[in-house]
Amino acid sequence: MDKRNFAFDKVNFILLAVGMAIVVVGFLLMTGAGSSDSVYEPDIFSARRIKVAPIVCLFGFVSMIYAVVRKPKN
């Protein structure tokens, strides 16, 4: 099969995998101890969960969009 028929090349797939890994790390940063009615955990309002994790996820999604839009070199 001719390589020119593929929309993505190896670099596109690597960039997609890196972007997905960044998104997963961002979602892992959002996790933490939950709170219930009887126990109040102020960790839900931490800067890591509110500011850092969404920015990391946004960076991951933007890098995945770049990987899809990137045109392979011939």
Should [X] and [Y] be regarded as members of a common hydrophobic cluster, given that ILVMFWY residues are connected when their side-chain heavy atoms come within less than 4.5 Å of each other, either directly or indirectly?
X     : Y     : result
Ile22 : Phe61 : no
Val56 : Leu58 : no
Val18 : Phe59 : yes
Val62 : Val68 : no

task: Report, as yes or no, whether the 6.0 Å neighbourhood of atom CE on Met64 holds more than 12 heavy atoms from other residues, nucleotides or ligands.
output: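 Result for CE/Met64: enclosed.
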Identify the two heavy atoms, one from [X] and one from [Y], that lie closest to each other, and give their separation to 0.1 Å.
X     : Y     : result
Met30 : Ala53 : CG-CB, 3.3 Å
Gly19 : Ser63 : CA-OG, 3.3 Å
Leu29 : Arg48 : O-NE, 2.9 Å

- request: Please name all residues satisfying ring pair (Phe, Tyr, Trp, His ring centres under 6.0 Å) with Phe13, sequence neighbours left out, ordered by chain then number.
  value: Phe8
message: I need the full list of side chain to side chain donor-acceptor pair (under 3.5 Å) pairs touching residues 11-23, with sequence neighbours left out, sorted by first then second residue.
response: Asn12-Arg70
message: Among Val24, Val23, Thr31, which residue satisfies the side chain to side chain contact (heavy atoms under 4.5 Å, CB included) criterion with Phe27?
response: Val23
